[in-house]
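Since we're looking at a predicted model, the values are computed, not measured. Excluded from the calculations below are hydrogen atoms, water molecules and symmetry mates; all remaining heavy atoms, backbone and side chain alike, are included.
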Amino acid sequence: MIIKKYKKFFPLKRYGQNFLVNQESIQNIIKIINPKKTQALLEIGPGLGALTQPICEFLDKLIVVEIDPNILLFLKKCIFFYKLQVYCEDAVSFNYRNVLCSKYKYIRIFGNLPYNISTSLILHLFQYIDIIQDMHFMFQKEVAKRLVAMPGEKYYGRLSIISQYYCNIKILLNIPPQYFKPIPKVHSIFVNLTPHTNSPYFVYNINLLTSITKNAFQNRRKILRHSLKKLFSERDLIKLKINPNLRAENISIIQYCQLANQLYKKNK
């Protein structure tokens, strides 16, 4: 496949570079994010500045995390570059606490995410949930469906559970492939993730919730008394009023939290 130049720049497949070019969508996204000078905003993967430039108009400073040094060379030639606080690092391993100063308690994060890192990035960002005000991301349609899926639905899985444990999630915009350059093979969805202020869920140890869901969904064709047999007896499941003959996708987030807390008490 021949990759064409866009604005004298060759998009790199290894970084999943598909640049949003539709102006109506860009303006809609800016309105949704609604940036304020009194807020700390961080963009992951600024690309060629489609969102970066208009958002800079509302701010004195915008923090950007970009792994591709060639993108940064491009941005250095842009008139808004002086407003950027740049980190040339991998967003999936970046320490987001390092960007906050005493002036700000929380950070707002947004970006048109490369499809190949979106899941791992979201899980990484949850480690910093206490300093995040909200997140607005462009996801591949399938990833967005996984984020909001409910028990019993096709896309319900570990990502659904962990994401909804931390955040209230809303699908905001559907973005067709032709709104990007180069044109991807998938549809995209713009999503808001806002950390719970009064969470409906509680676990003593999030690592236990992660471990239980991993075990359950690695063997999603098996019923619970088989997929979780190393962690719980059939009697344990029945005691929690969880049907041991159900599969992983039929168990609610609250029930997974109950399992995590039961395991915590057993191991204490």
message = Donor-acceptor pair, distance only, cut-off 3.5 Å: does the side chain of N261 make one with the backbone of F202?
response = yes
ask   = Quick one: CD1 on I109 to CG on L125, what's the gap to the nearest 0.5 Å?
value = 5.0 Å
ask   = Any side-chain donor paired with an acceptor under 3.5 Å for Y165 and S199?
value = no
query = Ring centroid separation for Y128 and F126, is it under 6.0 angstrom?
reply = no
task = With sequence neighbours excluded, give me every salt bridge (Lys or Arg N to Asp or Glu O under 4.0 Å) pair touching residues 45-65.
result = K37-D60
request  = Check step by step if salt bridge (Lys or Arg N to Asp or Glu O under 4.0 Å) holds for R97 and D130.
outcome  = CA-CA 10 Å; R97 294 189 194 281; D130 60 307; 2.9 Å; yes
task = For the residue pair N215 and T213, confirm or rule out a side-chain donor-acceptor distance under 3.5 Å.
result = no
Whether H196 side chain and C167 backbone form a donor-acceptor pair below 3.5 Å = yes
Those residues that, when tested against R146, pass salt bridge (charged side-chain N to carboxylate O under 4.0 Å, His left out) (two or more places apart) = none
inquiry  = For Y87 and F94, I'd like to know if the aromatic rings sit close, meaning centre-to-centre distance below 6.0 Å.
reply    = yes
task = For T210 and N207, test the side chains for any donor-to-acceptor distance below 3.5 angstrom and give the result as yes or no.
result = no
message = Would you say that more than 12 heavy atoms from the other residues, nucleotides or ligands in this model lie under 6.0 Å from the NZ of K141, or not?
response = no
